[in-house]
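Take a look at the structure below.
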Amino acid sequence: MARLAQTAGLTDIQQEILSTVRDFVDKEIIPVATELEHRDEYPQRIVDGLKELGLFGLMIPEEYGGLGESLLTYALCVEEIARGWMSVSGIINTHFIVAYMLKQHGTQEQKDHFLPRMAAGDIRGAFSMSEPGLGSDVSAITSKAVKDGEEYVLNGQKMWLTNGGTSSLVAVLVRSDEGHPEGTAPHKSMTTFLVEKEPGFGEVRPGLTIPGKIDKMGYKGVDTTELIMDGLRIPANRVLGGVTGRGFYQMMDGVEVGRVNVAARGCGVAQRAFELGVQYAQQRHTFGKAIAQHQAIQFKLAEMATKVEAAHAMMVNAARKKDSGERNDLEAGMAKYLASEYCKEVVEDAFRIHGGYGFSKEYEIERLYREAPMLLIGEGTAEIQKMIIGRRLLEEYRFQG
C-alpha cells in the first residue's frame, strides 16, 4: 500500500471496506476508465459492481437496509473511487446527498418509502439547485411551485443536474410563496420537492422533461443534464420534511456533505496523478538516467506529494467534524477549496512530467487534466468557499472592542 494519504484511527470494519473498494477500483475501474471516458459511455457494469458491494447504502442507517457508516467512511471510499475515475464518484455523490437529506429532514413516511430502495440501489438519487441564469446566487431561483388543492404545480428550468437521466428520484429546490408573504427573505421561501421519475431522456413523467446530455470537456460518462418543469404536478406529501420554506436550509446541509465529497474527489484524482507522475518519472530516461534522478523532477514530486497529504488531512478533518454533529461549514469549505486547488496543481505537474506524451490520449494523465477543472466549480467555486471561510472566521474571531 502507498505511504501517502493514510488515515489514522480507522476501525477494522472501515479498513475492510476501504480495502474492498480499493481492490475493486484497481481491478474493475482503472483498466477501463480511459476507454469509457473517451466514448462518453455510462459505466453500467461498474455501477452494477458498486451496487453489489452495497455502496449505494453506505451511509443509510441499518434500519433501512444500509450499512450505517459514517461520512468519513463514505469520503474515504469516494477518494478511492475518484482515484480510479472521477465520474464514477459523481454517480454516487448526488445519490448520497439526497439520501442524507432524507435521513436528516424527511418525514417518517418519506424515509420508509425511499431509503430502503435507495440503500439497495434500486432508486438512484439526484439533486437540483442551479438554473441557467443562476450561478452561485441561489437566492435568485425563479423556478416556482404553486399550491393547487392537495398538489403543487411546478414550473421552471434547472441546470447542471448530475445523474439527470439515470436517476429515478430528484430533490428539486424551487421558490414557494405559499405561506410566505411578500417581502419574506428569499432563502425562507424555498422548498425542496422529492420528484419521482422514470430513468431516461425526453418526457420522463407528465410535465417533466430531461433533455439529452450536456457535452462537456471532461467528467464524461456520468450524465449531466437540464431539467424542465412545465405544469409538473407533485403531491403535497412529497415536500421534503412536509413543511414548505425549509428547502434552502435542507439543501445547504446536503451541500456540506457534497463539499466533503468534492474534497475527497480532489484527493483521489491528485493521488492518481502523483502515481502516474512518479511512475513515469522512473521509466522515462534523458541524459543517460531516469528523469526521476534529476533534481528538478524530484522537487516537483516532493511538492506534489506534500499537496496530496495536506489535502487528505483537511478532508478527513472536515468529515470527522460533520460526523461529530458539530457545524462544519468552515472545515468543509477549507477542505473543498484546498483539495480542488491542489488537485489542479498536482495534475498539471504530472502532466508536465509526462512532457509531450501528456498531450496524447494514449496516456491517462490527459483524462485527468480535463477532469480536474470541474472540481474548481462543483459544489461552489473557490470564491464562494473563500466567502464562507471568511465569514465564519469573523464569527469565530470577533473583535471585542
Side-chain angles (χ1 to χ4, degrees), residues 21 24 28-29 36 40-61 64-67 69 74 77-78 81-82 85-106 110-130 158 160-173 192-205 208-214 219-227 232 234 238 240 250-251 254-255 257-258 261-262 265 378-379:
V21 172
F24 181 84
E28 304 295 335
I29 298 182
L36 291 174
D40 197 8
E41 181 177 327
Y42 186 78
Q44 187 61 57
R45 183 174 176 180
I46 293 173
V47 171
D48 290 342
L50 295 176
K51 181 178 177 180
E52 290 180 15
L53 291 177
L55 287 189
F56 283 100
L58 188 63
M59 277 183 64
I60 295 175
Y64 299 107
L67 298 179
E69 274 295 330
Y74 165 61
C77 287
V78 166
I81 293 169
W85 184 13
M86 191 179 76
S87 292
V88 179
S89 65
I91 290 171
I92 65 172
N93 176 42
T94 54
H95 176 84
F96 269 109
I97 290 177
V98 177
Y100 174 82
M101 290 168 61
L102 273 162
K103 181 184 73 171
Q104 295 296 109
H105 305 288
Q110 290 167 352
K111 295 176 186 179
D112 293 340
H113 182 76
F114 289 113
L115 288 180
R117 290 184 289 162
M118 294 186 78
D122 296 331
I123 289 181
R124 306 281 173 78
F127 79 106
S128 178
M129 286 195 300
S130 189
K158 310 298 283 187
W160 306 117
L161 180 63
T162 301
N163 292 327
T166 50
S167 61
S168 46
L169 174 66
V170 185
V172 181
L173 184 65
T192 302
F193 285 87
L194 301 170
V195 178
E196 298 171 84
K197 71 176 187 65
E198 291 296 320
F201 300 96
E203 189 173 37
V204 292
R205 66 175 283 176
L208 180 64
T209 299
I210 304 292
K213 295 192 298 183
I214 297 171
Y219 198 41
K220 294 179 179 289
V222 59
D223 48 293
T224 305
T225 74
E226 300 174 66
L227 181 148
L232 172 64
I234 301 295
R238 289 299 174 257
L240 180 61
Q250 294 163 346
M251 280 281 179
V255 165
V257 173
N261 171 282
V262 172
R265 283 196 255 180
E379 314 296 5

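We're numbering straight along the sequence, starting at 1. All values below were derived from every heavy atom in this structure, side-chain atoms included, with hydrogens, water molecules and symmetry-related copies excluded.
- For the residue pair Glu226 and Pro211, the shortest heavy atom distance occurs at O-CD, 3.5 Å.
- Proximity of a side-chain donor or acceptor of Ser89 to a complementary backbone N or O of Val78 within less than 3.5 Å is not detected.
- The shortest non-hydrogen separation linking Leu161 to Ala126 is CD1-CB, 4.1 Å.
- The side-chain contact (heavy atoms from CB on, under 4.5 Å) test with Val195 singles out one residue from Leu169, Val172, Val204, Leu227, and that residue is Val172.
- In this structure a side-chain-to-backbone donor-acceptor pair under 3.5 Å is missing from Thr224 to Trp160.
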Next item on the list: Determine, step by step, whether Val255 and Met129 satisfy the side-chain contact (heavy atoms from CB on, under 4.5 Å) criterion, reporting the C-alpha distance in whole Å, the side-chain angles of both residues, the deciding distance to 0.1 Å, and the verdict.
Entry: CA-CA 10 Å; Val255 165; Met129 286 195 300; 3.6 Å; yes

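- Using a 4.5 Å heavy-atom cutoff, the side chains of Arg124 and Lys51 are in contact.
- Checked by atom type and distance alone, the side chain of Lys213 never pairs as donor or acceptor with a backbone atom of Gly164 at under 3.5 Å.
- Within a 6.0 Å radius of CD in Gln44, more than 12 heavy atoms belonging to other residues, nucleotides or ligands are found.
- Between Leu194 and Ile234, the shortest heavy-atom contact is O-CG2, 4.3 Å.
- A salt bridge does not link Glu196 to Arg205: none of the charged nitrogens lies less than 4.0 Å from a carboxylate oxygen.
- A donor-acceptor distance shorter than 3.5 angstrom exists from the side chain of Lys158 to the backbone of Leu173, with no hydrogens or angles considered.
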